[in-house]
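Input: a single structure, listed below in structure tokens.
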2 protein chains.
Amino acid sequence: MQLDNRKKEVLHAIVDDYVSTNEPVGSKSLIERHNFSVSSATLRNDMAELEHLGLIEKPHTSAGRIPSDKGYREYVNSLMTIEELSPREKLEIEKRIDSSVDEVTDLIKNATYTLSETTGFVSLAMSPRLKKSYLKQLKILMIEPGKALVVMVLSAGVVKDKVVRIPNFLSDEQIMKISGAVEKNLTGKPLDEITLVTVETAGKGAEVPEPLLKQVLYEAYAAIKQADELNIYLEGEHRMLSLPDFSSLGRARDLLGTLSDSGMVAGYVNEMENAAREQGNDDSFMIRIGQEITLEGLDDCSFITATYNLTDSVSGNIGVIGPKRMLYSKVISQIDFVKKKLNREIQKFT
Amino acid sequence: MQLDNRKKEVLHAIVDDYVSTNEPVGSKSLIERHNFSVSSATLRNDMAELEHLGLIEKPHTSAGRIPSDKGYREYVNSLMTIEELSPREKLEIEKRIDSSVDEVTDLIKNATYTLSETTGFVSLAMSPRLKKSYLKQLKILMIEPGKALVVMVLSAGVVKDKVVRIPNFLSDEQIMKISGAVEKNLTGKPLDEITLVTVETAGKGAEVPEPLLKQVLYEAYAAIKQADELNIYLEGEHRMLSLPDFSSLGRARDLLGTLSDSGMVAGYVNEMENAAREQGNDDSFMIRIGQEITLEGLDDCSFITATYNLTDSVSGNIGVIGPKRMLYSKVISQIDFVKKKLNREIQKFT
DNA sequence: TGTTGGCACTCGATGGCATAGAGTGCTAAT
DNA sequence: ATTAGCACTCTATGCCATCGAGTGCCAACA
């Protein structure tokens, strides 16, 4: 992309103006609002050039230009400068992310909510990916005949549990035996190395009749696998309805329809994460703009996520989904600050 | 309300027509669509009367009539007849409410989702109100220094837990002692009789230094109280955007904005429930129409809930929020059927 | 007294039309 | 390479006439 300096400035100005006014921007208003030392005719030439390069486009012949996805991309990649938040804004976020909760999960939800409030967009967080974490503790608790609770504590301090069904006539003692055996052999094991076979061998020590034992172990295994599932927290979907970008009912409907399938969104974030990792792209932010997003109904959105760290090897994503016509630098700073705050607060749990 | 038979029929017809067409209905089209044995002029007189009574109204002078809130109310109270669902529809619901889940909570979520899908509206369920249930089991589990898990099993088979912070230097044994003492003295107690004092006396037996004991007991108490909190599941908010009734962005925004505050909705449902109980109104359905609903942005909605039973004394609500222009009889049957199915499935857990 | 046909009137919706205004591309001059 | 100027394009806006569904009321009728 060989853009001379002025063309860069022009693109920069167009993005800025369009983001703040939501109107296609023309050569004249560009001159008015910015201190270009050239005439509008010159800008027109530049703009024609930029359009030729696919960076801007016009809704119709006699309208101003708006940035294309590619234009936003160029802006994000090499034009914008990120500014820090004001102390006031920082304070606001600090205040909202309340550290008095008892569980990491609540803290993450809290941060997600805050992010949605401060940006005014949809925010989301992924529960930590646990593959790389190991089992710190596992207990099977008898609840009542036929029902037990599998409680797992993972290395990152995350507690998960699941009610499972067990054979009716298993006694409390028998369950405790199984629990003890499994715990002894499984603690310290990385989650992704735990398979049905591992669990079954781990349980061998318990003196419990074979078929019963097997069933309990299977349930325990299923509980562990479930704990490993991805979880996503989405917040503030309704805020999108206040944006002029989604004043068309159809667009809004498609967007919220897609977002309502949180599993789908979670899958997409995961894909993004994997793609970024494969490319060795260890930029702290992942940004997808408009058509780059393969989810239906998000053509007019941008997707920005950052990675928060629970431990060195366990991390999750937090970010926002907003209109692609957004103040990128601002939103990125906001996400960044929330992420940092979250990281700091998480320390207290590990 | 003294309405002669024909006026009743007219109101009935107006509601039906308006619900199905979403257009104000005039005297002429009323004649066309229904077999009235009188002329349109007569109906006009009747309609003027109905309007005088406040049962119908016109958007503007030269338009047809639409039912007022009061009109819908009359319709719901004494005009409509509830028809059973077709076997096909029943089957569809039966199929969707999957009973293979392990926890009551999942079953309820499942039913909520199904209800939203079949009605096409927002559906909601309240977690069971637990006041009248008792503590079946309570265990405190050491997770790691400074952290414990309080696991509670309630009479209805509901399992709740909460991670709590405890003094760092408490040992596993000490926690087990406390757990044992509390459990021994608290099991069987109705939830609403459990206070901080009760918990503290219950823990007396444990041989653990006083201040430490007190802190743990306080946390346990807090966990129990939290288990008692109301929980609401809302589903399908985005579906409202597909309804012509909310084709105005403003309305849709207000509605979804309010619904996004699920705590507020939960509070409202609870109020409704209490109000109904005070009036000795043991109708199985609670219906609020339009302005009767005090939540902001729900003026164009109706709120219909039914009560499902977990045990004889523990119950919750399940229902829908839809446009007040809805097929009441149909929706009521749908809720009713889902409720019954839910009740049946719940049996398997208790 | 309740019912009916007739009629004038109301009011939103629709579509045509002219106008204004913002913006463009192109050309010729600097 | 830049600029002034100009013809052209297209949307948005407002106005106006028309259409049609629906109403209210009155006088006549069973």
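In the text below, chain A, chain B and the rest are named by the order of the sequence lines, each starting its count at 1. This one's a predicted model, so the numbers in the text were calculated from it and none came from an experiment.
Taking atom CD on A:E49 and atom C1' on D:dA1, their separation rounds to 13 Å, with Å as the unit. Nucleotide D:dA21 holds its P atom 16 Å from the CG atom of B:D17, rounded to whole Å. To the nearest angstrom, C1' of D:dG22 lies 14 Å from CD1 of B:I31. In this structure, the NZ atom of A:K28 is 14 Å from the P atom of D:dC6, given to the nearest Å. Taking atom OH of residue B:Y18 and atom P of nucleotide D:dA21, one finds them 19 Å apart after rounding to whole Å. Look at CG on A:L43: it is 12 Å from P on D:dA4, rounded to the nearest Å.
Between A:Y113 and A:Y233, the gap from one ring centroid to the other reaches at least 6.0 Å.
A:A63 comes within 4.0 angstrom of the backbone, heavy atoms only, and of no base. Within the 4.0 angstrom heavy-atom criterion, only backbone atoms of the sugar-phosphate kind lie near B:S27; the bases stay farther away.
Looking at heavy atoms from C-beta onward, A:D254 lies out of side-chain contact with A:D299 at the 4.5 angstrom threshold. For the pair A:R325 and A:Y18, the minimum side-chain heavy-atom distance is below 4.5 Å.
If B:S62 and B:D46 are placed on DNA chain C by their nearest nucleotide, the residue sitting closer to the 5' end is B:D46. Nucleotides of DNA chain C nearest to B:T61 and B:N45 differ in position, and the one nearer the 5' end is that of B:N45.
A salt bridge is defined here as a Lys NZ or Arg NE, NH1 or NH2 lying under 4.0 Å from an Asp or Glu carboxylate O, and B:K90 with B:E84 meets this definition. Salt-bridge formation is detected for the pair B:R96/B:E92: a Lys NZ or Arg NE/NH1/NH2 atom is positioned less than 4.0 Å from an Asp or Glu carboxylate oxygen. Note on A:K70 versus A:E57: no salt bridge recorded, every NZ/NE/NH1/NH2 to OD/OE distance being 4.0 Å or above.
In this structure, the nucleotide among D:dG24, D:dT2, D:dG22 sitting nearest to the side chain of B:S29 is D:dG22. Considering only side-chain atoms of A:R44, the nucleotide from D:dC6, D:dT3, D:dG24 that sits closest is D:dC6.
Each of B:R65, B:E74, B:R6 was evaluated against B:L11; a single residue qualifies, B:E74, per the side-chain contact (heavy atoms from CB on, under 4.5 Å) test.
Here chain B contacts DNA chain C (any atom closer than 4.0 Å to a heavy atom, that is under 4.0 Å), and the contacts span C:dT3 to C:dG12 from 5' to 3'.
Proximity of A:K58 to the phosphate of D:dT11: no side-chain N or O atom is located under 4.0 Å from OP1 or OP2.
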